[in-house]
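Chain naming here is simple, since letters A, B, ... match the order of the sequence lines and numbering starts at 1 in each.
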2 protein chains.
Amino acid sequence: MVELQNFYSSCFTVDNIIFGFENGDIKVLLIKRGEEPYMSQWALPGYFVNENESLRGAARRVLKQLTSIENVFLEQIGAFGEIDRHPSGRVVTVAYYSLIKIADYQVTASSIARKASWFKLDEIENLAFDHRKILDKALNQLRWSVRINPVGFELLPPKFTLTDIQKLYETILDIKLDKRNFRKKILSTGLLESLGESQIGVAHRPALLYRFNEEAYNELSDKDFLLAI
Amino acid sequence: MVELQNFYSSCFTVDNIIFGFENGDIKVLLIKRGEEPYMSQWALPGYFVNENESLRGAARRVLKQLTSIENVFLEQIGAFGEIDRHPSGRVVTVAYYSLIKIADYQVTASSIARKASWFKLDEIENLAFDHRKILDKALNQLRWSVRINPVGFELLPPKFTLTDIQKLYETILDIKLDKRNFRKKILSTGLLESLGESQIGVAHRPALLYRFNEEAYNELSDKDFLLAI
DNA sequence: ACAAAAGTGTTCAAAATACACCCATGC
DNA sequence: GCATGGGTGTATTTTGAACACTTTTGT
């Protein structure tokens, strides 16, 4: 039998791409690194994988440490393993992306970060390591994912308007959609449920509020669903 | 700075899912393991990643050692890192799938395998490690991929008939397609080029032969293409 | 002559698109 | 009363789906 120890010359990390949506913009949660290498640079939140946890488990742990978030949408992007991606040795990272409702959580700095904050996509540059490449892949996957699964709802607050969700799709896919056609299509999926309530305190006709109907989604998700937008 | 060595208690491998297409069936190349653990069981071809090679590089190397195949379509499936997936220690694997033209290559056993051969999907059971799970994910990704990119062409010989490619799609997606509608659709992509030649020696009207037009593909692949089949 | 797969168009239904005005509220 | 975004229907175009017979070859 091969001695595994002979191959113990490398290690793993996980990195999280945490997407949020606020004021019509996609945002990404970044940390300011508190340790070398890339000290004080902005980076994706991530850390080493412990021996006694799975990759996904590690991603959840890092996410929880940073945001206290649990039970959230989390999907793997893939592994990144260029030889020289980490200046101090061979480190392979596995990236996960998650979608969260910004308003629900208070982001806290932690042992792994000096500071954490949300960035709009166009404010981001010069990330540590190969994190820019990882972020780009995550964005691309999000754009596909949003058509195949109604993952977009994960980014919205529990009660939202049809305009909110239209803006979300427009932002993620970077396209402009026709209001009437979009409403027809999104309502025809049966995934939205009107709450019978309206917005209050807005300086225009108040919009009806909807919520995501999870039961309808569970029935649908087996058949391969494709939201043609 | 964190001492990376403290985290050197695990190692990683690559595993390849090598798809081929023959006689109207999708086939997968498996090896009979020549070493412990899972000695003599069928498994996906894979091996440890060396310190001085990237993940993709390792996948290419393993593929070449086993089949002498080079310069082939190769795409990452993802990382698999359950704690106990390897009985002797912590081993995370990164899986890649490749598509090859079976007729082009002679599969040879090698140091890492006692035997290698092609299996139809319904002949496969009881793979080593979590390889069944990895294979299922690869299949699922192939089914999506084939709609988004015209990757199916990678599985066909350089000259093929329209019926060949229809059979390919029918097999991968496990559906039945209408001949006339399929031809209209596949020709309208502009990705096929008639060679003006016909089959010879077949006991029926000989079919026209086509080839894949790579230039047309390169122009198309920027815009996001979706073959709605 | 017969078996076997190739090749070919039209009709109908469904889905996507384009498009403009009135409504309810806060200030 | 005016500015702001909410809400609604129809006509047209495009796309997808269903469907059957003739052609060419080998035996």
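Note on Arg183(A): a side-chain N or O is less than 4.0 Å away from OP1 or OP2 of dG7(D). Of the side-chain N and O atoms in Thr163(B), one or more sit less than 4.0 angstrom from OP1 or OP2 of dA6(C).
One can place CG of Leu177(A) at 17 Å from P of dG7(D), the figure rounded to the nearest angstrom. Rounded to whole Å, atom C1' of dG7(C) lies 9 Å from atom CG of Leu208(B). The CG atom of Asp164(B) sits 15 Å away from the C1' atom of dG7(C) (whole-angstrom rounding). Residue Lys176(A) contributes atom NZ, which lies 14 Å from atom P of dC19(C) at whole-angstrom precision. Summarising the geometry, the separation between CG on Leu187(B) and C1' on dT8(C) is reported as 12 Å, rounded to the nearest angstrom. Rounded to whole Å, atom P of dA16(C) lies 13 Å from atom CD1 of Ile175(A). One can place CZ of Arg147(A) at 13 Å from P of dA16(C), the figure rounded to the nearest angstrom. For the pair Asp178(B) CG and dT10(C) P, the interatomic distance rounds to 16 Å; values are reported in whole Å.
Relative orientation of the Phe119(A) and Trp42(A) rings is perpendicular, given thresholds of 30° and 60° on the angle between their planes.
For the salt bridge (Lys or Arg N to Asp or Glu O under 4.0 Å) with Glu22(A), the qualifying choice from Lys27(A), Lys120(A), Lys101(A) is Lys27(A), the only one to do so.
Side chain of Asn181(A), nearest nucleotide from dG7(C), dG9(D), dG7(D): dG9(D).
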Just do the salt bridge (Lys or Arg N to Asp or Glu O under 4.0 Å) check on Glu70(B) and Arg60(B) with the steps written out, would you?
-> CA-CA 7 Å; Glu70(B) 293 181 84; Arg60(B) 288 201 182 283; over 6 Å; no
Check the pair Arg85(A) / Ser54(B) against side chain to side chain donor-acceptor pair (under 3.5 Å), numbers first and verdict last.
-> CA-CA 10 Å; Arg85(A) 61 174 296 281; Ser54(B) 66; over 6 Å; no
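When heavy atoms are screened at a 4.0 angstrom cut-off, Thr161(B) is found touching no nucleic acid atom at all.
Of the residues in residues 195-206 of chain A, Ala203(A), His204(A), Arg205(A), Pro206(A) come within less than 4.0 Å of DNA chain D through at least one heavy atom, sorted by number.
Looking at Tyr97(B) and Leu74(B), their side chains never come closer than 4.5 Å, going by heavy atoms from C-beta outward.
Ring centroid separation for the pair Tyr210(B) and Phe160(B) does not come in under the 6.0 Å cut-off.
Within 3.5 Å, no donor on the side chain of Lys185(B) pairs with an acceptor on the base of dG16(D), nor the reverse. No donor-acceptor contact under 3.5 Å links the side chain of Arg180(B) to the base of dA6(C).
Map Lys184(B) and Leu162(B) each onto its nearest nucleotide of DNA chain C; the residue landing nearer the 5' end is Leu162(B).
Side-chain atoms of Arg56(B) do not come within 3.5 Å of backbone N or O of Tyr96(B) as any donor-acceptor pair.
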